[in-house]
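Structure record follows, encoded as structure tokens.
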Amino acid sequence: MSLSEGPVTLLVVDDEEAIRNAVRKYLVQQGYEVAVAATGEQALEVLRRRKVTGILLDVNLPGTNGIDLVPQIMELEPTVALLMLTAVNDATSAALCMQRGALDYLLKPIDLTHLGRAIARALERRHTLLEGQQMHQWLKEEVALRVAERRVEQATQERISVATLEALVNALEAKDPYLRGHSARVADLSASVAAHLQRSDEEIEAVRTAGRLHDIGKIGIREEILNKHGPLSDEEYEHVKQHVLVGCQILAPLAHLGDVIGLIRSHHERWDGSGYPDRLAAGAIPLGARTIGAVEIYDALTTARPYQEKMPPEEAIDRMRELVGTAIDPSMHEALEAVVSRRQALVFLDDVPR
Ligand SMILES: [Fe+2]
């Protein structure tokens, strides 16, 4: 990091020609490039045309005076080293100018050696200020970069953790031919229903992830119950119901899942409040959980089970009508019906010989 700048150009602003010339001559001898201006307006004109490092500005100028010029100069050239030239009896004006951004002031009549030292000091101060600003900017950029890198890393880790859990669900489902692919299908269709309901992208993704992981808690259910193909006893049913809570416990350490965990907890709630685990009813059940709940029923009906033939989509939607208002949110049934018939239409189109 370095402050590489070209030659140092100074601008001398004074209405007295003799002073301008004397100061210019001296500063040129000192190795500076020098521009001059007799009025504030001329000074601003020079600043608009060229890069200026330092300015010697007389407080008493015809037209716009030095005090009023300071803010205009600072706006055009915020990093300029500004020195005021002022009469002995005008310390108040000089103080005001310094408040507005001037770095120093010199009393008239000007002692040239004194002037040379004051300019060198002001340029040095400007340099330090610029370095500080640059360091600050550099630090800001570094921090922003690190934060962005950390975010990418975190997002990758989050994806990996979800992918690992999905693999676990897949492994669980693979054991049962009737369950194979269930969570992936539920996730896919639930996300389509959420999109149909015009949910935000974030909500749709939460529903998709919850769909994939909604039955992860079945890992904690005894295998003989999980694989039982007949009706469950009361005790067995109570045990199966635990899978929503076990799922939440498994996922609880993954803070990034946020709302997803709530959707998983509530995917067995029913519209009439007779579901589990919290007996939530109607609108109190998170919308995403109502979506997954309805889609899960649909998936169960449209997949072959030991005790049931696989139902065609339209028939499943019809059968689910019986559950509207008790197990299923009426608007969710409507949305599911719309999405399923759209999918069916696409399948039909695919089947039409071209
Ligand atoms: Fe479930």
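Atoms within each ligand, like the ligands themselves, are counted from 1 in listed order.
- For His214, every N, O or S atom stays at 2.8 Å or more from the Fe ion (ligand 1).
- Using a distance-only test at 3.5 Å, with no hydrogens or angles considered, a donor-acceptor pair links the side chain of Ser161 to the main chain of Glu158.
- When atom types are taken as modelled, the side chain of Glu236 and the backbone of Ile225 share no donor-acceptor pair closer than 3.5 angstrom.
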One pair to check against side chain to side chain donor-acceptor pair (under 3.5 Å): Ser192 and Arg343. What are the steps and the verdict? CA-CA 10 Å; Ser192 298; Arg343 283 189 169 191; 3.2 Å; yes

Derivation and outcome, salt bridge (charged side-chain N to carboxylate O under 4.0 Å, His left out), residues Arg212 and Asp188: CA-CA 8 Å; Arg212 287 196 186 128; Asp188 185 37; over 6 Å; no

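- The angle subtended at the Fe ion (ligand 1) by OD1 of Asp215 and NE2 of His243 is 90°, given to the nearest 10°.
- Within the 2.8 Å limit, Glu296 places no N, O or S atom next to the Fe ion (ligand 1).
- To the nearest 10 degrees, the Fe ion (ligand 1) sees NE2 of His268 and NE2 of His267 at an angle of 90°.
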